[in-house]
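To keep things clear, I will list the structure first and then write my remarks on it.
Remember, predicted model here, so these are calculated numbers, not experimental data. A note on names: the letters A, B, ... follow the listed sequences, proteins ahead of strands, and every chain is numbered from 1. Values below: every heavy atom of this structure, side chains too, minus hydrogens, waters and symmetry copies.
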2 protein chains.
Amino acid sequence: MAARGPGMVTARQVAESLGVAVSTVGRALADDPRISPRTRLAVREAAERLGYVENLPAQMMRGGSSRMIGLMLPDIRNSFYATIADALSTCCDAAGYQLVVSIADSAEAEARHVRQLASARAAGIVIVPTPAPQAETCAMLARIPHVQLLRRVRELSPAWFGIDDMECLRAGTAHLIARGHRRIAYIGGSGDYSTGADRLAGFRRAFTEAGLDLAGAIEHLGPPADPRFGAEAAAALLAAADPPSAIITGAVQLTGAVLQAIAGRPLSEGREPALVGFGDEPSFSWWRGELTAIAMPIQELAQACGGWLIARLETGAAIEAHASIASAQLVEYRRAS
Amino acid sequence: MAARGPGMVTARQVAESLGVAVSTVGRALADDPRISPRTRLAVREAAERLGYVENLPAQMMRGGSSRMIGLMLPDIRNSFYATIADALSTCCDAAGYQLVVSIADSAEAEARHVRQLASARAAGIVIVPTPAPQAETCAMLARIPHVQLLRRVRELSPAWFGIDDMECLRAGTAHLIARGHRRIAYIGGSGDYSTGADRLAGFRRAFTEAGLDLAGAIEHLGPPADPRFGAEAAAALLAAADPPSAIITGAVQLTGAVLQAIAGRPLSEGREPALVGFGDEPSFSWWRGELTAIAMPIQELAQACGGWLIARLETGAAIEAHASIASAQLVEYRRAS
DNA sequence: ATGAAAGCGCTAACAG
DNA sequence: CTGTTAGCGCTTTCAT
C-alpha cells in the first residue's frame with residue numbers, strides 16, 4: 001500500500017511509452033553522456049508527463065544511499081530540541097539529505113525507532129540518547145555512522161557534540177554568589193542523565209570555588225522534562241520557613257515551570273528570589289522581574305554536528321572520536337522601568 | 001553508503017550460518033506456522049547473534065508498505081506545529097507507523113521534500129501546505145494518500161482537518177467589543193494563506209455583528225511567521241497619536257512578538273491595551289497584565305487527523321472528502337494580585 | 001548510442 | 001516441514 005491512485009509509474013513504463021529500453025531511461029535520467037540529446041529530452045519529457053518518481057527502495061538495493069539522516073529526540077515540544085531539529089533540517093537540506101525526526105522518550109521507544117531507521121538503512125543518525133539505551137540499540141547503532149548530541153553515553157559512538165554543562169551551571173551560580181546570595185536553590189535533573197550530573201556538579205563547584213559552605217546550597221533533583229516537578233519544587237521553596245534568596249534551574253522545561261509557579265503567587269516587592277534560568281526563550285523578555293538566562297548556542301552546535309556527520313558520510317571516512325564543546329553565555333533580562 | 005561497520009547482515013548470511021535456505025529464515029522471522037519450533041528458535045537466535053536487521057527497501061520491493069507517514073510542516077519551532085508533530089508521532093507509533101517530519105517553508109522546499117517522501121514511497125502524508133504549492137507537488141501528492149492539516153488548498157486532497165479560523169477571531173474580537181472596546185487593532189497574517197483570510201474575516205465579522213462601524217478596526221497584515229513584523233506593528237500602534245484600546249493577534253508567532261514589544265516599554269498603568277492573543281502558551285501565565293488566549297485543541301486535532309489517515313491506510317479505503325473542524329476556547333490570564 | 005541481462009535482499013508460489 | 005525459484009525496479013556490466 002505504498003502509494004495508490006493510478007499507482008506509481010516505473011522506469012519500465014516510461015521506457016515502453018517511448019519504445020526504448022529501461023536502461024536507456026535510467027541513463028537518460030542520470031544524465032549519462034552516452035545518451036543522445038534527443039533521446040534524453042524525450043525521456044525526460046515522458047517521465048515528467050507520466051509523473052515518474054524514482055523508486056528509492058529499488059535504488060538502494062543497487063547499493064545507493066538512502067540519503068536519509070535520522071534524528072532521535074526525547075521531546076520535540078522542548079524549544080531546545082525544536083531548534084536542533086530546525087537547524088539540522090536546514091543543514092541536511094543544503095547537502096541533499098533528508099532529515100527524519102524520531103521522537104522517543106524511553107529506552108524501549110528509542111530501540112523501536114532506531115530499529116526502524118536501521119531497517120530503512122538510514123545513512124547516518126544524530127542521537128540525543130536516553131540515559132540507559134538498550135543493548136540492542138547499541139548493537140544496531142554500532143553498524144550505523146552516528147553522533148551523540150548533548151547527552152553522552154559510553155556505550156555509543158565516541159563522537160559527541162554538546163555544551164559544557166558543568167561550566168553553564170558553575171557560571172550561573174557564580175553570578176548569584178557574586179551578587180551576594182548565600183542561600184541558593186538548585187532545581188535540576190537527577191544524575192541519571194550525563195547532563196544532569198554535570199550540571200549539579202557545576203552548581204556545587206561554584207560554592208567551593210567561592211570558599212562557601214555547601215550548607216547554603218539547596219538541591220531539588222528530579223525528572224528534568226517534567227514541568228510538574230519544577231512547579232512543585234518551586235512552590236515548596238517559596239513556602240519554606242527560610243526560603244532561598246535565589247533559585248537556579250538546570251533544564252529548559254524546569255525554568256518555565258518555575259517562572260509559572262512564581263507568577264502564580266502575588267508579587268511581594270523586594271522579596272522575590274533572584275532567578276537564573278537554564279535556556280533562553282523569547283518569553284523571558286516579559287518576565288515580571290529580573291532574570292538571568294543561561295543561553296547556549298544550540299543552533300550553531302546542531303549545525304556543527306550535522307556538518308561533521310555529513311562530511312564523514314560523503315567521504316566515507318570512519319566516525320572517529322570527537323568532542324565538540326560549546327560554552328554558554330549569561331543574558332540578563334530586567335523589566336522596563 | 002547505507003551502513004558501515006562490518007556491513008549489514010542479510011537473511012542469506014543468517015541462512016548460511018545455519019545451513020538452511022533463505023526462505024526458511026524469512027518464514028521463521030515472520031512466525032510462519034509451517035516452521036518447526038526448533039528451527040524457528042535457532043533462526044531467531046542466529047539472527048539476534050549476528051545482528052540481523054530486516055531490509056525495508058527489499059521488503060518494499062516485494063510490495064510491502066514502508067509504514068512511514070510523512071509530516072510536512074512549515075516550521076517546527078512554532079509551538080503549534082511542535083505539538084502537532086508530537087501528537088502525530090505518538091499516534092503513528094501506537095499503530096506501528098513511523099512519522100517522518102519534514103520542515104519546508106517555501107513552495108520549492110515543499111516540492112523537494114514531497115518528492116523525497118514520494119520516492120521513499122511513504123505510505124501516507126499529513127501536510128500543512130504552503131499557500132501556493134507547485135503543480136509538481138500537487139501531481140505527486142495525487143498519487144499518495146494524504147490529508148491537509150490547518151491550512152487548506154484547493155489543489156490538494158479533499159480531506160482536511162483544521163480549526164474554525166473565522167470563529168476563533170470572531171469570538172476573540174467579540175470578547176473585546178463586549179468589554180467596551182471600540183478601537184481594536186488586528187495584527188495578523190495576510191490573505192495569502194487560507195487561514196489568514198478566514199481569521200481576518202472573523203475579525204471584521206465581529207464588528208458588523210455588533211452593529212459597529214469598521215472605522216474602529218485597525219488592520220496590520222503581514223507574514224504570520226515573522227516576529228519582526230509583529231513587533232513592528234505593535235510598536236507602531238503603541239506610538240500612534242490615537243492608539244487602539246485593544247490589540248488582537250492572528251498567529252501564534254505574532255502573539256509572542258507583540259507581548260515582547262509591549263514588555264519592552266515602561267508599564268503605563270491603566271493605559272495598557274487589552275490583549276487577545278492567538279494561541280495558548282505556558283509563558284502567557286507570566287504576562288504582566290491581563291491577557292485572553294485563543295486556545296485551540298490542536299493535540300486532539302492532530303490525533304484525529306492521524307487516526308483518520310491511518311484507518312484509511314489500513315483498510316485500503318480511498319481518501320474521500322472529509323472536513324473536521326475544531327473550535328477554540330477563550331482562556332483568560334490575569335496577573336496575581 | 002542503445003539493448004539485453006544479471007543481480008541487489010526479500011517474499012510467495014510451487015515443489016517436494 | 002523445508003528447499004527452489006521467480007521477480008519486485010533499478011543500475012551496471014557486457015554486447016552489439
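Looking at residues two or more places apart in sequence or on another chain, you find a salt bridge (charged side-chain N to carboxylate O under 4.0 Å, His left out) between A:E16 and A:R12. Residues satisfying the ring pair (Phe, Tyr, Trp, His ring centres under 6.0 Å) criterion with B:W308, sequence neighbours excluded, are B:F161, B:H322. Applying the side chain to side chain contact (heavy atoms under 4.5 Å, CB included) criterion to B:T24, with sequence neighbours excluded, gives B:V20, B:A21, B:I35, B:T39. Partners of B:A95 according to the side chain to side chain contact (heavy atoms under 4.5 Å, CB included) rule, which considers only residues two or more places apart in sequence or in another chain, are B:Y97, B:I310. In this structure, B:Y81 has no ring pair (Phe, Tyr, Trp, His ring centres under 6.0 Å) partners at least two apart in sequence or on a different chain.
Side chain of A:T137 to main chain of A:P133: no donor-acceptor pair is present (N/O by atom type, distance under 3.5 Å, no hydrogens or angles). In this structure, B:Q148 contributes its side chain and B:V153 its backbone to a donor-acceptor pair below 3.5 Å.
Once you apply a 4.0 Å limit to the heavy atoms of chain A, the touched nucleotides of DNA chain D run 5' to 3' over D:dG9 to D:dT13.
Regarding A:I35, its CD1 atom lies at a distance of 10 Å from the C1' atom of C:dG3, rounded to whole Å.
Within residues 48-59 of chain B, the residues that place at least one heavy atom under 4.0 Å from DNA chain C are, in residue-number order, B:Y52, B:N55, B:A58, B:Q59. Shown for residues 16-24 of chain B: residues whose heavy atoms fall under 4.0 angstrom of DNA chain C, namely B:S23.
Heavy-atom minimum distance, A:L150 versus A:L301: CD2-CD2, 3.7 Å. A:A123 and A:I144 make their closest contact through O-CG2, 4.4 Å (heavy atoms, listed as atom of the first residue, atom of the second, distance).
Within a 6.0 Å radius of CD in A:E48, no more than 12 heavy atoms belonging to other residues, nucleotides or ligands are found.
B:E110 and B:T130 form a side-chain donor-acceptor contact under 3.5 Å, judged by distance and modelled atom types alone.
Contacts classified as salt bridge (Lys or Arg N to Asp or Glu O under 4.0 Å) and involving residues 60-77 of chain B (residues at least two apart or in different chains) are given here: B:R67-B:E314. Listed by first and then second residue, the side chain to side chain donor-acceptor pair (under 3.5 Å) pairs involving residues 151-160 of chain B amount to none (not counting sequence neighbours).
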Distances for protein N/O vs nucleotides 14-16 of chain C N/O pairs under 3.5 angstrom?
none

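One can find a donor-acceptor pair under 3.5 Å joining the base of C:dG7 and the side-chain atoms of A:R62.
Rotation axes derived from the C1' atoms of the five outermost pairs at either end of the helix from C:dA1-D:dT16 to C:dG16-D:dC1 lie 50° apart, to the nearest 10°.
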